[in-house]
Q: 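Please find one structure pasted underneath; my questions will follow.
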Amino acid sequence: MTEFIFPPGFLWGTATSAHQVEGNNTNNDWWAWEQAGRVREPSGQACDHYRRFREDFDLAQQLGHNAHRFSVEWSRVEPEEGQFSDEALAHYRDVVQHLRRRGMEPIVTLHHYTNPLWLERKGGWTNRQVVEHFARFARRVAEALGGEVLYWLTINEPMVYIWMHYLDGVGPPGEHNLILSYRVMEHLVRAHIAAYHAIHDVARSRKLPAQVSVAMHAQPFWPCRWWWPGDRIVAGMTEQMYNQHMLDALIEGVLRIPYGRRLRLADAANTLDFIGMNYYGRVFLRMGTIGNRQWVGRRCSTWHHREVTERNGLDWDIYPPGIAQVVSWAAPYRCPVLITENGICTADDEQRSRFILRHLAVVARLLQQGVPVLGYLYWSLLDNFEWADGFRPRFGLIEVDYRTQARRVRDSARRFAEVCRTNRLALPD
Ligand code: FCB
């Protein structure tokens with residue numbers, strides 16, 4: 001056995017998002033989409049976390065967590081264009097203070113897939129005005145929470161957001177439109193830049209530090225057939241576009257858009273103070289018309305691949321070495337990395353423990369090699385509403401009985417807690 005000691009101050013915790021846990025987010029586009037019957041089941045009360053957050057944070061604290069990532073629901077904070085709700089802002093201030101009181105570092109996401117209805121009516125992320133709207137919202141939240149929050153994530157998984165909502169169409173507005181997807185990409189990048197500066201302005205005016213980033217969703221793309229150049233080209237192109245173009249834009253100030261075009265963006269350079277990375281597994285791509293649509297090529301089912309030895313409850317690949325790969329992509333940008341999500345949905349809690357420990361082992365080795373990793377946030381604290389897949393996938397360290405809202409701490413949560421509490425991980429040689 002090799003024992004690894006994590007650095008002092010390493011952030012240990014979990015991530016959630018407002019719409020997936022809070023319940024009754026009736027004023028956003030996902031809610032409307034659900035009511036229109038476009039998903040397995042509606043989010044409804046979800047985990048009722050909007051009211052039960054204190055008890056949920058008690059559990060997280062008992063599990064040794066010293067950090068927690070959550071998102072602020074834009075449609076609660078700005079229910080109508082330009083009208084901000086003091087009550088909602090006070091709620092999130094309360095959330096932050098309850099975390100601080102329990103010794104947990106708050107990590108705040110500003111956009112996690114959902115949009116207020118008024119924004120959606122104006123064309124959502126296809127309308128250039130979204131950039132100003134988002135920056136104004138970011139400023140208001142920073143003013144309300146600023147003194148207490150150091151870590152900010154402007155946008156969760158910009159590439160997944162684009163894919164889910166504008167390419168694959170499983171989320172609102174349900175588009176399948178390549179051209180729109182690039183327009184949305186540009187607006188997301190511009191919105192991050194504007195929000196980055198807004199948050200820093202507020203922090204500067206109070207002489208306080210702020211660390212701002214995005215939560216990237218990074219994944220290794222493997223060609224379905226190594227021997228087929230078409231598949232290798234498709235995988236290579238996607239890997240660059242999906243994992244790197246946005247980071248390049250936010251560090252170098254130039255966004256590469258298709259057909260070799262480059263967009264120079266004002267004030268974009270160095271707008272990442274650290275890099276948030278969400279990691280779940282590998283994806284296999286092929287050229288052709290069979291499989292799930294991507295920007296270029298199609299995505300294979302994991303059942304079609306012998307390389308895949310383990311899957312989660314949604315058939316996603318499980319591949320712990322990939323976490324080292326995605327963290328290594330951040331290295332050239334010379335920013336520390338925070339693992340902002342990594343998790344598994346499964347009915348087998350033993351598999352969850354194995355998943356966490358195997359990924360942590362890889363993170364531990366990265367730290368040993370001197371790679372700056374700030375922390376690890378498991379997705380998720382609670383079972384929750386998994387978008388188009390509804391409540392069936394169980395990602396939580398804590399099980400939720402949706403009929404009674406009762407919580408039950410899983411064994412995997414206790415295994416993870418040992419690492420969080422002791423800062424130690426014993427690795428088999
Ligand atoms: C991530 C999302 C998160 C959750 C997990 C399972 O891509 O950020 O909201 O759905 O996947």
Side-chain angles (χ1 to χ4, degrees), residues 13-23 25 28-31 33-34 39-43 46-47 49 68-74 107-115 153-168 170-172 188 192 213-221 242-243 246 275-283 292 294 299 302 311-319 322-323 326 338-347 351-352 355-356 359 376-398 400 412:
T14 57
T16 60
S17 92
H19 192 72
Q20 293 178 273
V21 293
E22 284 182 349
N25 275 320
N28 72 30
D29 55 344
W30 261 91
W31 183 275
W33 184 251
E34 291 155 27
V39 291
R40 271 179 67 96
E41 56 201 322
S43 57
C47 312
H49 179 72
H68 180 69
R69 174 180 168 213
F70 68 94
S71 77
V72 170
E73 174 60 32
W74 190 353
I107 297 159
V108 177
T109 313
L110 291 171
H111 186 270
H112 199 123
Y113 295 171
T114 55
N115 300 315
L153 296 161
T154 54
I155 291 160
N156 179 67
E157 299 184 341
M159 298 309 288
V160 180
Y161 177 73
I162 302 167
W163 178 77
M164 261 170 81
H165 302 83
Y166 291 93
L167 207 59
D168 195 43
V170 292
L188 285 164
H192 164 81
S213 184
V214 284
M216 289 292 295
H217 181 260
Q219 45 192 16
F221 289 95
Y242 194 92
N243 296 318
M246 207 159 277
I275 296 178
M277 281 284 188
N278 294 356
Y279 174 71
Y280 288 87
R282 263 173 316 193
V283 164
N292 189 292
Q294 304 289 303
R299 179 184 182 147
T302 55
R311 295 170 186 79
N312 74 9
L314 285 168
D315 287 345
W316 302 353
D317 171 47
I318 292 174
Y319 180 61
I323 201 168
V326 306
L338 175 62
I339 310 291
T340 36
E341 283 179 34
N342 174 235
I344 179 173
C345 55
T346 176
Q351 193 194 14
R352 186 182 337 274
F355 177 98
I356 296 175
H359 284 83
Y376 174 94
L377 306 176
Y378 175 80
W379 180 274
S380 182
L381 179 63
L382 306 163
D383 289 336
N384 61 56
F385 176 72
E386 178 52 29
W387 308 112
D389 292 301
F391 289 104
R392 193 178 50 93
R394 300 275 182 164
F395 276 95
L397 289 179
I398 298 171
V400 175
S412 53

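For ligands, and for the atoms within them, numbers begin at 1 and follow the listed sequence.
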Q: Between Trp387 and Tyr113, does the ring centre distance come in under 6.0 Å?
A: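 They qualify: ring centres under 6.0 Å apart.
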Q: Could you give the distance from OG (Ser213) to NE2 (His192), rounded to the nearest 0.5 Å?
A: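 If I round to the nearest 0.5 Å, the distance is 6.5 Å.
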Q: Atom NE2 of His112 and atom OG1 of Thr16: how far apart are they, to the nearest 0.5 Å?
A: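 If we round to the nearest 0.5 Å, His112:NE2 and Thr16:OG1 are 8.5 Å apart.
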Q: Would you check if there is a donor-acceptor pair between the side chains of His217 and Trp163 at a distance under 3.5 Å?
A: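 The criterion, which ignores hydrogens and geometry beyond distance, is not satisfied for His217 and Trp163.
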Q: Give every pair formed by an N or O atom of ligand 1 and a protein N or O atom closer than 3.5 Å, one pair per line with both atom names and the distance to 0.1 Å, or write none.
A:
from, atom 1, to, atom 2, distance (Å)
ligand 1, 7 (O), Glu157, OE1, 2.6
ligand 1, 7 (O), Glu157, OE2, 2.8
ligand 1, 8 (O), His112, NE2, 3.3
ligand 1, 8 (O), Asn156, ND2, 3.0
ligand 1, 8 (O), Glu157, OE1, 3.2
ligand 1, 8 (O), Glu157, OE2, 3.3
ligand 1, 8 (O), Glu341, OE1, 3.1
ligand 1, 8 (O), Glu341, OE2, 3.0
ligand 1, 9 (O), Gln20, OE1, 2.7
ligand 1, 9 (O), His112, NE2, 2.8
ligand 1, 9 (O), Trp387, NE1, 3.2
ligand 1, 10 (O), Gln20, NE2, 3.4
ligand 1, 10 (O), Glu386, OE1, 2.7
ligand 1, 10 (O), Glu386, OE2, 3.1
ligand 1, 10 (O), Trp387, NE1, 3.2

Q: So how far is it from Phe70 CZ to His49 NE2, rounded to the nearest 0.5 Å?
A: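 Going from CZ on Phe70 over to NE2 on His49, the span is 8.5 Å.
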Q: Hey, what do you get for CZ (Arg352) to CZ (Phe395), rounding to the nearest 0.5 Å?
A: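 Interatomic distance, Arg352 CZ to Phe395 CZ, rounded to 0.5 Å: 9.0 Å.
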